[in-house]
Amino acid sequence: MNAEMNADCPWLVRVFRFWLRLIPTRFGPDVRREIALLFEDRLREGSLTPSRRLLLLLQAMADAVLHGRHPVFERPLRSCTARRDHVAEPGKRRHERRTTRGDDLMSSMLQDLRFALRSLRRRPVFATFAIVALALGVGGTTSMFSVVDGVLLKKLPYRDPSTVVSIWKAWPSWRGEPGLDYVWDHIHFPWGDYLQVRDHATSLETVAAHAQEVAVMTGDGNAEELSIGEASANLFEMLGVRMPLGRGFASNEVAPAGEPARLMVLSHELWQRRFGGDPSVLGQTTTLGAEAFEIIGVLPPRFRLPSDLIATHDNGGDVDPGLRDAWLPLGYHGADRGNSFELIARLAPGASAEQAQAEVQSLMTDGPDDQIARVVPRKDVLTRGYGTPLVVLLAAAGLLMLIACTNVMGLLLGEAPGRQREISVRAALGAPPRRILRQLLTENVLLGLAGAGLGFWVARIGTSALLAVAPPLPRLEAVTIDGRVMLFAAVAGVATGLVFGMLPALHLVRGAGAKLRVRASSKRARPLQSLGVAAQVGLTVVLLVSAGLFGRSLLQLFAVEPGFRTAQLAALELRMPPEEPTTPDDRTRFLDAVYRASTGTPGVVAASAARRLPFASGNGTQSFSFLRDGEEVGSTQLPMFVHPSYFEMLGIPLLQGRSLQVSDNRDTEPVIVISRALAEQNWPDRSPIGERVRYRGRDWTIVGVVGDVLHQALGDDTIATFYASAYQVAQHTMQLIVRTTGEPSTVLPTLRERLVAIHPNIAIREAGTMTNLMKESASDAHFRAVLLGTFATLATLLAVIGIFGVTARSIAARSRELGIRSALGAPLRALELLVLRDGLASALLGVVGGLLGAIVAARWIGHLLFEVPPLDPLTYAGATVLATTVCLIAAYLPARKIARIQPREVMTDDQS
Amino acid sequence: MKDQPTTAHSFLPLHALEFQTLLSLSAGSAHAYAIVQAIEKRQPAWSPVQPTNMYRRIWRLAADGLIEQIEAPPNVTDPRRKYFAITELGSQVAAAEAARLRSLLRHAEEAGIVAREVPQA
């Protein structure tokens, strides 16, 4: 039993321990531990329900506030060793009491607290509902805040981050071109222009460059495909990176000052994963490709250098696109690599990004004349495109918070009739209104704090869940529950308690003057409560409509036909070290061996291979030209190098001509098969079969046309594609695709073993199942839909509580009237309708207001939707029906209590 | 100010929770949770004893020398727990408080308060 309880409750104990540290007390860590232990013992008692445990926590938290500052804790504890010296001081207690009384403010505040606790303890149902409502609101908002804070608000982990800029070229001619549009303003620099900018730009204090490669690390352990960065000598130093181990590159170890040395700096992650975090790794050599490199340093944990293209285009399936596993000196893979070098610079003191942009523009010599320079603050680079979607979600969380607050306000107003007499008596006994107000606000602050405490833990769970479903946002590694997030939760809770508790408190204090009658105040509270319910329902409808729109959008995305059968397809990325297989023939033989090994694996129905995978090939477009009516025409398409079995295996239909064949090899005429989009684009009025295309200096003949396949994310446009046989263009890296009879995961281990048997240095990375790749390509939309769906569900729940409460209280307040009506012979149905009207009228008002609000909100989020109009009638109708039905049920449940009203009893009660 | 001699009566009246703590420890040394359990067994109608309040009472009793912290018994499995035992002064104070309560009860009986507490149906 104890073990079971332990497994259930550690978070409650942690909340309590945290609370003991948070509140001012007069005891030390020793006593704190003891008190927490006592609480832990309490939780282990019998079979406690979750609500009972929560109540215990709240009571213990309140008790700690009440008693934790008692002066006795400052007196030394007499233990058996000190006993002989002990002389008891009976007068001491009286002195203590005097000291406490002397501190008027503290004393009266403690009194307020004590009173507030007693008052809340007397109303456990109210307190629990209020705290849970607040916790949901605070938790939801805090979770979203932690993500927004990490991604958008936190300072970049660089030295003096505001002066760090990224530099690109932009080429307006590429704008709007399929496959190029996303990169038109992010073109990297060629080597020559990098040196020009580095040596001559006066508005830039330091100019660093980096480039990206992929390589296979062999040596000890399994062959592993790594993302490799190349860094200029000043890159790490400029960003203020402090290496926990070793050093970065010296300028003479990096091109152009020296020949790039065979040195390597490891990422912290690779150091831990492959080298077990061993500090003696410095000076060791490791093999990358065919070369041995000396390890000279290790980067700090979580060092990322993402570009702003990562989420949609640059990741190719990487889970952590900003991470480079290891760094080599800049220029190691050669300087003649076209636009390969991404520049990061620090502005000179006093210089602006605009000045730097003009200067860089004047220094560019390489490339077309109409290319322009772009100098963008690094912060904008990393948050571009993410601001609005995240702020939309934060706003949705804010709505949830607002609903929770309105709910609590409704609960407080509902309590008003019951408390009016108590408050009036206090006023009659001489308590000044300010004192009563302070007392009531203390209660609200206490509620807010408890809500924030619980909400903080909701946020912890929420943030973990968010990170689990989040799309690959930049800087997700910076998302943590830290002091800022805790502060946010605490301020949100207390501010809510104060602001939303103010109106009910003022309402009570105003009523406290002369009237000791309950009914008058109850009547005044009712319109406010009804308005609160209307607001809750309205906000809920806004969330329901938004969630509905995002949900429908997601369904539309998943309904997109990818052009091939995705069921039971899994992909493995195979990469060979560059030195082997050495010749194209070797590579062809290697491809053959892989194909045979795969098709012969038990559980594999069919296999094929391609250079790129669908859903992850967005940035692979290349230029080529073709002859149309004897004239050469330029075009940009996606080249795919595939095994001839590709079309049949994936179920891509052959529309014209023939497919690729194994007999199409390096000794025969180069042939290609093109996609329907490419055919329609360029040969709209005739068959393209037999036409010739020039690519990589060779002429290729079109032999067939196949159906279009979605190569980018779900929802993106289809890219015109041509397919060449991997037997004609031998590939070094291939994506092996297999269709399995059962669950792909059961087949992959055997397949992996068979592949390693072909060559021990083959690096294998599981790219996942095709269904998952497809889903991941829609992860943005998925994230939004799941989150909004959760918020809308919670909002509906809160609204139900609100309506239930209003109707129940309306019945309680009108029980006398209902009793009389019943005694006079009014049928039960008529009485039910009478009270239902109260709850439903405000709910329907809320639905109408909410629909109007949703129309405004939908216009704001319209650009995030896919093939769903912002005013989609189905979504609005669905939300209306759902909200109305829920309101009806929530109002009807308490209305059934009318049948139990005994006219004689209620009338007698009222006389007493 | 001149120090007064320590007498058991100078501690009276005792807070109910402190008296209950002394009663619990009269049966033998115990840790805080065992004290709480004993109290709640004797006083099932009381609302649950809260941890900080309990410690405040224990701390005061120990600071006044009515109880003392002792070494944990050798067979204890949880080393985090503090054990307490009643002192001689503590026993005297408990006895004095019990006598005070008995005298109060007698007065209440004479006044007929106890009899009136259980109304006849």
Side-chain angles (χ1 to χ4, degrees), chain A residues 16 19-20 23 25-28 30-45 52 55-96 117-118 121, chain B residues 1-15 17-18 29 31-37 40-41 47-72 77-90 92-93 96:
Chain A
F16 187 57
W19 180 252
L20 288 180
I23 57 170
T25 56
R26 292 191 179 175
F27 46 71
D30 215 25
V31 176
R32 195 159 54 222
R33 266 196 302 277
E34 281 282 313
I35 291 173
L37 187 61
L38 203 48
F39 175 66
E40 205 177 324
D41 288 328
R42 258 279 130 83
L43 289 179
R44 292 202 178 113
E45 284 173 359
R52 177 79 189 137
L55 191 65
L56 276 178
L57 171 69
L58 297 176
Q59 285 175 337
M61 285 164 79
D63 165 63
V65 173
L66 275 184
H67 299 288
R69 283 191 58 78
H70 199 277
V72 75
F73 285 117
E74 287 177 353
R75 292 174 60 189
L77 179 72
R78 307 296 164 115
S79 64
C80 49
T81 49
R83 187 176 154 196
R84 303 284 165 226
D85 313 322
H86 167 65
V87 179
E89 298 167 80
K92 176 86 177 200
R93 290 170 161 229
R94 286 189 287 276
H95 171 67
E96 272 169 16
L117 273 173
R118 269 208 301 274
R121 207 186 289 171
Chain B
M1 190 197 232
K2 199 176 156 186
D3 279 349
Q4 295 174 19
T6 307
T7 64
H9 286 278
S10 61
F11 290 96
L12 304 189
L14 269 187
H15 186 277
L17 194 51
E18 292 173 8
S29 64
H31 53 72
Y33 183 55
I35 298 173
V36 169
Q37 280 178 310
E40 288 180 352
K41 198 173 166 191
S47 53
V49 180
Q50 296 300 330
T52 313
N53 190 22
M54 185 70 234
Y55 246 88
R56 172 189 155 187
R57 300 298 164 186
I58 289 178
W59 203 265
R60 163 171 281 174
L61 291 171
D64 282 348
L66 305 191
I67 64 173
E68 63 189 0
Q69 193 193 331
I70 58 164
E71 296 282 319
T77 49
D78 191 345
R80 295 175 298 172
R81 296 184 190 283
K82 280 190 170 67
Y83 277 75
F84 300 92
I86 193 164
T87 61
E88 203 180 314
L89 178 64
Q92 289 170 10
V93 171

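Reminder, nothing fancy here: chain letters follow the sequence lines and each chain counts from 1. These values consider heavy atoms only, across backbone and side chains, with no hydrogens, waters or symmetry-generated copies.
- A distance of 11.0 Å separates CE in B:Met54 from CG in A:Asp63, rounded to the nearest 0.5 Å.
- Under the rule for a salt bridge (charged side-chain N to carboxylate O under 4.0 Å, His left out), the partners of A:Arg33 that lie at least two apart in sequence or sit in another chain are A:Asp30.
- Side chain of A:Arg42 to backbone of B:Gln50: no donor-acceptor contact under 3.5 angstrom is found.
- By the 4.5 Å heavy-atom criterion applied to side chains, B:Tyr33 and A:Leu37 are not counted as neighbours.
- Without hydrogens or angle criteria, A:Glu34 side chain to B:Lys82 main chain gives a donor-acceptor distance under 3.5 Å.
- Closest approach of A:Leu38 and B:Pro51 over heavy atoms only: CD2-CA, 3.7 Å.
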